[in-house]
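Structure first, then comments.
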Amino acid sequence: MIYRLWAPFYDYLFNSGPFIMARKKIFENLDIKPRSNILFVGVGTGADLQFIMDKDISVDAIDLSPEMLDKARNNYDATNFTFTEMDAQVLAFSRESFDMVIANLILSVVPDPIQCFQEMIRVTGSGGCIVIFDKFAPPSRELPVIKKILRPVVAIMGTDIGRHFEQIVKPYENHIRVEEDEPALFNGMYRKIILRKIQA
Ligand SMILES: C[S@@+](CC[C@H](N)C(=O)[O-])C[C@H]1O[C@@H](n2cnc3c(N)ncnc32)[C@H](O)[C@@H]1O
């Protein structure tokens with residue numbers, strides 16, 4: 001519902017200015033191997049797809065909102081891209097289907113981020129990687145008072161500013177290795193995180 005309303009305006013805010021700079025930086029250094037299978041979880045309007053359009057890869061892009069998916073399809077149509085309406089918490093892919101899973105601005109949005117993360121790990125191949133660009137609460141610290149006040153207001157807009165990345169991944173820490181965890185935007189409120197799925 002909320003992202004149906006966001007769809008017409010989303011790109012003006014999150015595919016421009018500081019966001020596009022941060023996205024560009026994330027993709028600049030990503031090691032995307034030719035012919036790899038990549039999943040975009042909660043692809044939205046497809047703001048990240050512009051950075052991989054010219055690559056020899058196979059892309060699945062899922063989102064719960066048909067309006068957001070339509071935008072992505074219209075903006076970034078390519079024969080190697082498949083767009084599907086799907087819940088990120090119940091991915092309809094078999095285990096280890098992807099070499100890379102890209103989950104930008106989704107763990108702060110889905111109702112159950114732990115379930116979503118579990119699904120992301122399940123569909124990532126052994127030795128594959130999970131890329132995350134998202135906003136999280138500061139690690140090992142309580143949420144600042146201002147954010148506590150703003151949290152319910154921001155939630156009405158379809159996102160949560162109070163989630164701790166460390167709590168989301170804790171149940172799965174034996175399955176992944178954190179390869180990178182860096183500030184990406186707004187003084188580290190948004191982070192770039194790269195995880196490697198440990199070989200079984
Ligand atoms: C903040 S947007 C991020 C979109 C895109 N990844 C980006 O970086 O711009 C969050 C997206 O998650 C989608 N979404 C929300 N809940 C979802 C769910 N349970 N399963 C799949 N997508 C969901 C929304 O429709 C929206 O497109």
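Counting starts at 1 for both ligands and their atoms, following the listed order.
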Looking at [atom], what's its closest protein heavy atom, distance included?
| atom | answer |
| --- | --- |
| atom 25 (O) of ligand 1 | D63 OD1, 2.6 Å |
| atom 19 (N) of ligand 1 | D87 OD1, 2.9 Å |
| atom 15 (C) of ligand 1 | V109 CG1, 3.5 Å |

| query | Which is it for M86 and ligand 1 at heavy atoms under 4.0 Å: side chain, backbone, both or neither? | reply |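 It is the backbone that gets close, since no side chain atom is under 4.0 Å.
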Under a plain distance cut-off of 3.5 Å, with no hydrogens placed, do [Y] and [X] share a side-chain donor-acceptor pair?
| X | Y | value |
| --- | --- | --- |
| Q118 | Y172 | yes |
| S108 | D134 | yes |
| Q50 | N75 | no |

Side chain or backbone, does [X] bring an N or O within less than 3.5 Å of an N or O on ligand 1?
| X | answer |
| --- | --- |
| V41 | no |
| Y10 | yes |
| T45 | no |
| L64 | yes |
| I106 | no |

| query | Which atoms from ligand 1 have a heavy atom of M68 less than 4.0 Å away? | reply |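 Near M68, meaning under 4.0 Å from one of its heavy atoms, ligand 1 has 27 (O).
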| field | Which of the ligand 1 atoms, numbered from 1, are nearer than 4.0 Å to a heavy atom of V110 | value |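 So the answer, numbered in order with elements, is 17 (C), 18 (C), 19 (N).
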| message | Tell me if the aromatic rings of Y76 and F81 count as close, with their centers under 6.0 Å from one another. | response |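 No, too far apart.
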